[in-house]
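All remarks here apply to the structure that follows.
Side chains are part of it too, since the values below use all heavy atoms of this structure and drop only hydrogens, waters and symmetry mates.
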Amino acid sequence: MEKLSFRVKKEFCAECSLALRRFVGHLDGVKDVEVSVGDGKVTISYDGEKMAGGDLFKISKESIEKLGYGLEDEEETRDG
C-alpha cells in the first residue's frame with residue numbers, strides 16, 4: 001500500500017471534499033481518500049501495482065482544479 005499526500009491552497013468545503021472522495025475513491029487501485037477540510041490536506045492510499053502515483057496525482061490535481069481549487073505546490077509526497 002502506498003500513500004500520496006498534498007495540500008489544497010484554501011480550505012476545502014465539505015461538499016467538494018465529498019465530491020473528490022467519491023470520484024478519486026472509485027478509481028481502480030485506490031483504497032482510501034482522506035480529506036481534512038480544515039487544513040486542506042489530502043491523503044490517498046492506493047495500490048501502486050494497479051495505478052502509478054504520478055497518474056493518480058495528475059487525476060487528483062485535475063479533479064481539484066475542476067472543483068475551483070488549486071494545490072499549494074506542484075509536488076506530491078509519496079510514502080510506501
Side-chain angles (χ1 to χ4, degrees):
M1 183 77 60
E2 297 182 47
K3 289 188 178 186
L4 176 69
S5 298
F6 46 88
R7 290 195 184 274
V8 178
K9 284 184 182 177
K10 59 183 180 177
E11 189 174 316
F12 232 16
C13 75
E15 291 174 6
C16 291
S17 79
L18 180 60
L20 182 67
R21 282 195 295 261
R22 282 184 178 163
F23 178 73
V24 175
H26 285 98
L27 296 173
D28 188 36
V30 173
K31 302 296 182 190
D32 185 49
V33 179
E34 296 176 32
V35 180
S36 177
V37 177
D39 67 2
K41 184 176 180 183
V42 177
T43 303
I44 304 169
S45 301
Y46 67 100
D47 182 344
E49 292 183 16
K50 291 187 177 183
M51 177 175 282
D55 293 339
L56 180 56
F57 177 75
K58 182 180 176 189
I59 292 168
S60 300
K61 179 179 182 265
E62 289 171 356
S63 297
I64 288 167
E65 288 171 349
K66 285 179 183 177
L67 291 169
Y69 297 86
L71 300 182
E72 279 191 8
D73 56 40
E74 296 299 315
E75 297 295 321
E76 75 268 24
T77 303
R78 293 187 210 174
D79 297 325

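Shown here are the side chain to side chain contact (heavy atoms under 4.5 Å, CB included) partners of Asp39, two or more places apart in sequence or in another chain: Arg7, Ser36, Lys41.
Minimum heavy-atom separation, Asp55 to Met51: CB-CG, 4.5 Å. In terms of heavy atoms, Ala52 sits closest to Tyr46 at C-CE1, 4.5 Å. Shown here for Glu2 and Gly48, the closest heavy-atom pair between the two residues is OE2-CA, 3.3 Å. Taking each heavy atom of Thr43 and Ser5 in turn, the nearest pair found is OG1-OG, 3.3 Å.
Put simply, CG on Leu71 and OG on Ser60 are 9.0 Å apart, with the number rounded to the nearest 0.5 Å.
With respect to the salt-bridge test (charged N to carboxylate O, under 4.0 angstrom), the residues Lys66 and Glu62 do not qualify.
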task: Test Ile44 against Phe57 for side chain to side chain contact (heavy atoms under 4.5 Å, CB included), laying out the working first.
output: CA-CA 9 Å; Ile44 304 169; Phe57 177 75; over 6 Å; no
Pairs under 3.5 angstrom only: tabulate donor-acceptor contacts from the side chains of residues 15-35 to other protein residues two or more places apart or in another chain.
| residue | atom | partner | partner atom | Å |
| --- | --- | --- | --- | --- |
| Ser17 | OG | Ala14 | O | 3.0 |
| His26 | ND1 | Arg22 | O | 2.3 |

